[in-house]
Amino acid sequence: MSAETARPVRRTSAGVPLTYAAVGATKADDLLAYPPAGFRPVERRVRLGSGDARFAAASSKLLAWGVQRGAGLEVRNIQLPAPSDTDYAGLLYDAAGTAVGTRVAHPEQTYEADGTPQVAAGATADLTVRAFGRSFTAPVRVVYEVAEPGRVGFAYGTLPGHPASGEESFVVEHYQDDSVWLVVRAFSRPSTWYYRLAAPLVRFMQAGITRRYLRALSPASGA
C-alpha cells in the first residue's frame, strides 16, 4: 500500500454546529465568577519574559498552533473557512470610539514554512491527545481572533466528538511594565453521558494539558 493510499480520509467540519451556546464567553471579564450555567471556568497565566522580541516570538508561535503542539497534542485536518460574498466582519474604531472603516472579512491567509495554515477565525482542526495508553480526538473551531496592541491570540470552541463541551482562549499579553504573559481561559463540562461518568478523569486530563500549555511558549521551549 502506498503512502498516499494509506492516508486517512479527511473529513470536513464546515457547517457542523458547536456543542455549546455561549460562544465568545472566554472574553468576559467576570468569567470566573459568572461562567455559563453548568460549566466550570478556569484561568491560568504564566510569565514568558519581557520585551518586544519576546512578545513577537511568543505571538508568532501561538498563531502557528504552538501552544497545542508544544503541549504534545497533534494538530491535524486543518480546514479553512470558505469565504462568502455576504460575510461582514464589522467596523474598525479609533481610540475615541468613532467608526473609521470596515474590517476585512477574509484577510490574506498566512501559512507556516511547511504549508500548514496558521490560526484563522472559522478554521476547524482535530486535536489528538494521548493519555492512559489511548488517543482521544478533539475537534475544534476557532471562534475568534485577538489582534490588538499588546494582545494577540485566539479562542476555539468544541465540536461534536470532543470529550468536553466549551471554549478555550490563548492570548499573549504585553503589559506596560514590559512583561509578557500567556493567559489561558476556558469554561467546559463533559460532552456526553459517558464522559460525565468519567468527569474526574476528564478534569484531571484537562488540568495536565493546561499545565503543558503554560510551558509551551517558554523561552526554554524555543519560542
Side-chain angles (χ1 to χ4, degrees), residues 6-14 16-20 23 25-26 35 39-46 48 58 61-80 112 114 116-120 122-145 153-172 182-218 220-223:
R7 291 176 183 171
V9 176
R10 291 169 62 86
R11 64 172 180 81
T12 177
S13 296
V16 176
L18 296 163
T19 59
Y20 66 103
V23 178
T26 46
F39 290 82
R40 294 169 60 95
V42 64
E43 178 180 294
R44 298 287 185 268
R45 59 181 62 225
V46 64
L48 303 176
K61 188 170 183 179
L62 176 74
L63 296 180
W65 301 92
V67 167
Q68 290 70 34
R69 288 171 169 149
L73 278 65
E74 294 184 38
V75 183
R76 298 179 173 179
N77 198 19
I78 299 173
Q79 302 282 336
L80 299 177
E112 295 302 297
D114 63 0
T116 302
Q118 288 193 323
V119 168
T124 60
D126 290 336
L127 309 180
T128 301
V129 57
R130 290 180 171 82
F132 309 109
R134 294 187 58 191
S135 293
F136 299 86
T137 298
V140 297
R141 176 178 293 126
V142 178
V143 294
Y144 67 80
E145 294 179 80
F154 68 98
Y156 51 58
T158 56
L159 292 169
H162 198 297
S165 175
E167 187 176 292
E168 198 160 23
S169 70
F170 309 86
V171 181
V172 174
L182 170 64
V183 181
V184 179
R185 309 184 87 216
F187 59 89
S188 66
R189 65 185 180 191
S191 60
T192 64
W193 67 266
Y194 48 88
Y195 284 122
R196 285 193 291 273
L197 290 177
L201 182 59
V202 172
R203 289 196 291 270
F204 177 80
M205 289 176 57
Q206 288 176 317
I209 292 171
T210 300
R211 288 193 294 270
R212 292 176 358 224
Y213 284 159
L214 295 175
R215 296 193 294 266
L217 298 186
S218 70
S221 72

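We number each residue from 1, following the sequence as shown. Values below: all heavy atoms of this structure, side chains included; hydrogens, waters and symmetry mates excluded.
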Handout entry: Test log, rule side-chain contact (heavy atoms from CB on, under 4.5 Å), inputs V42 and T210
Key = CA-CA 10 Å; V42 64; T210 300; 5.6 Å; no

Where [X] and [Y] come nearest, the two heavy atoms and their spacing:
X: P17; Y: P160; value: O-CD, 3.4 Å
X: F136; Y: P163; value: CB-CG, 4.5 Å
X: L217; Y: A58; value: CD1-O, 3.8 Å
X: S169; Y: Y144; value: CB-OH, 3.6 Å
X: A186; Y: E168; value: CB-CG, 3.8 Å
X: G153; Y: L63; value: O-CD2, 4.4 Å

Completion exercise
Value for OG (S218) from NZ (K61), rounded to nearest 0.5 Å, stands at 7.5 Å

Sub-4.5 Å side-chain heavy-atom contact between [X] and [Y]:
X: L73; Y: R212; value: yes
X: Y156; Y: Q68; value: yes
X: L18; Y: V143; value: yes
X: L182; Y: V184; value: yes
X: Y213; Y: V46; value: no

Practice task
Can you label the angle between the F187 ring and the Y20 ring as parallel, tilted or perpendicular, going by 30° and 60°?
Solution key: perpendicular

Completion exercise
Per side chain to side chain contact (heavy atoms under 4.5 Å, CB included), P139 is matched among T124, L159, N77, L127 by L159

Exercise for the section: Step by step, work out the side-chain contact (heavy atoms from CB on, under 4.5 Å) result for R141 and V16. Expected result: CA-CA 9 Å; R141 176 178 293 126; V16 176; 4.3 Å; yes

Handout entry: Check: W65 ring centre within less than 6.0 Å of F170 ring centre
Key = no

Practice task
Say whether T158 and T19, considering side chains only, have a donor N or O and an acceptor N or O under 3.5 Å apart.
Solution key: yes

Exercise for the section: Could you tell me whether the side chain of T26 and the main chain of R185 form a donor-acceptor pair under 3.5 Å? Expected result: no

Handout entry: Side-chain donor/acceptor of R76 to backbone N/O of T137, under 3.5 Å
Key = no

